[in-house]
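Report on one structure; see the data block that follows.
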2 protein chains.
Amino acid sequence: MAANSRFAVAAHILSLLHVNEGSRITSEYIAGSVNTNPVVVRRIMGMLAKAGLVRTSPGVAGASLARPIGEITLLDVYRAVQAEDGALFAIHEHPNPDCPVGRNIQSTLEASFLRAQLAMERELAGMTMEEVVLDLVGRT
Amino acid sequence: MAANSRFAVAAHILSLLHVNEGSRITSEYIAGSVNTNPVVVRRIMGMLAKAGLVRTSPGVAGASLARPIGEITLLDVYRAVQAEDGALFAIHEHPNPDCPVGRNIQSTLEASFLRAQLAMERELAGMTMEEVVLDLVGRT
DNA sequence: ATTCCCTGTAACTATAATGATGACAACTTA
DNA sequence: TAAGTTGTCATCATTATAGTTACAGGGAAT
């Protein structure tokens, strides 16, 4: 797989942590639900911890949510597992500076692309992990 | 580069076609402005043609816009150069069906992710290539 | 008609991002 | 101390993308 499924896996992990609150589930258990390798889970869990969404302790199972689940938005999760850059769309580098179009295309597109990205992020910010979990259990 | 810059290059190409209307520019000329290989330009131009945004003829230089530039939205361009799938965010496959969370996470996230994607697409649909070109020449 | 230029496409290579995996040190707890 | 777990590194396979070479076929100008 080359597609980035970290966002989805992160949401899956947070859902499991909430549903199993108090149980002390291991990365191996989580990996069993996600159907991947425990290392992948620990890696993503590390990103969630660095972003302040979960609390983990070395050597001890059972990570816990660092905030009420209703206060964790999908945007928080998205940002936690995204690369440094954070740009949704890439722009080709080094267009020809001697061409009127090439000289300005980057800054122009950057602005347009940013608008689209912000619209997407606004929508993500409007959804919480609580809604995700509620939908999840509602489907049984 | 592994990041997908086709969207940006496509917008660059369309801008050039409009600015040079009547000139009959070649894929080599365009490649010079984008700073890439002519084949890359022809490849993306092919996608734009298949999407009905430009008209090309084999063997003859000077593709032309198939519609007024003000009626080509950034969403049109985005869709023209995107992969079949079209999903903005990937979802991990084969979560564990024996787990309440794993069993339903896909359909739940699919709905949430789609909302975010639609917000992004709405914003792209609200911007036209005409605005891009105007901004472009305005920066001169 | 010949020549020259251009497009459309296939084939191949190089580069990155990603996920899967094995290994292991450090930590916690019984 | 022993068992189990996390955090992290290193490596490999897969995949998407862009860059590049090559070439068949179309168009146009002479």
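Numbers restart at 1 for each chain; the letters A, B, ... are given by sequence-line order, proteins then strands.
In this structure, A:Met120 and B:Met120 approach most closely via the heavy-atom pair CB-CB, 3.9 Å. Residues B:His92 and A:Ala8 share a closest heavy-atom pair of ND1-CB, 3.5 Å.
Summarising the geometry, the separation between CG on A:Leu17 and P on D:dT6 is reported as 11 Å, rounded to the nearest angstrom. Rounded to whole Å, atom C1' of D:dT14 lies 19 Å from atom NE2 of B:His92. If you measure from atom CG of A:Asp85 to atom C1' of C:dA16, you get 14 Å, rounded to the nearest angstrom. Separating the CD1 atom of A:Ile30 from the P atom of D:dG7 is a distance of 11 Å, rounded to the nearest angstrom. If you take CD of A:Glu93 and C1' of D:dT17, they are 14 Å apart, rounded to a whole angstrom. Distance NE2 (A:His94) to C1' (D:dA18): 14 Å, rounded to an integer number of Å. Nucleotide C:dG19 holds its P atom 6 Å from the CD1 atom of A:Ile44, rounded to whole Å. Nucleotide D:dA13 holds its P atom 16 Å from the CG atom of A:Asn37, rounded to whole Å.
Contact between the side-chain N/O atoms of A:Ser27 and the OP1/OP2 oxygens of D:dT6 is found at a separation under 4.0 Å. For D:dG27, neither phosphate oxygen OP1 nor OP2 lies less than 4.0 angstrom from any side-chain nitrogen or oxygen of B:Ser57. The shortest distance between the side-chain N/O atoms of A:Ser5 and the OP1/OP2 oxygens of C:dG19 is below 4.0 Å. For B:Thr36, a side-chain nitrogen or oxygen approaches OP1 or OP2 of D:dG19 to under 4.0 Å.
Here D:dG7 is the nucleotide among D:dT6, D:dG7, D:dG26 with the atom lying nearest to any side-chain atom of A:Thr56. Which of C:dA20, C:dT7, D:dA18 sits closest to the side chain of A:Val40 comes down to C:dA20. For A:Arg42, whose side chain is taken as the heavy atoms from C-beta onward, the closest listed nucleotide among D:dT20, C:dT7, D:dT8 is D:dT8. Counting only heavy atoms from C-beta on, B:Ala61 has its side chain closest to C:dC6 among C:dG8, C:dC6, C:dC27.
Nucleic acid contact class of A:Arg6 (heavy atoms, under 4.0 Å, all strands): sugar-phosphate only. Across all strands, B:Val60 comes closer than 4.0 Å only to sugar-phosphate atoms, never to a base (heavy-atom distances).
In this structure, B:Thr128 contributes its side chain and B:Glu130 its backbone to a donor-acceptor pair below 3.5 Å.
A donor-acceptor contact under 3.5 angstrom links the side chains of A:Glu121 and A:Gln117, judged on distance only. Remark: the B:Ser33 side chain and the A:Asn96 side chain contain no N/O donor-acceptor pair separated by less than 3.5 Å.
Heavy-atom nearest nucleotides on DNA chain D were determined for A:Arg43 and for A:Ala49, and the one closer to the 5' end corresponds to A:Ala49.
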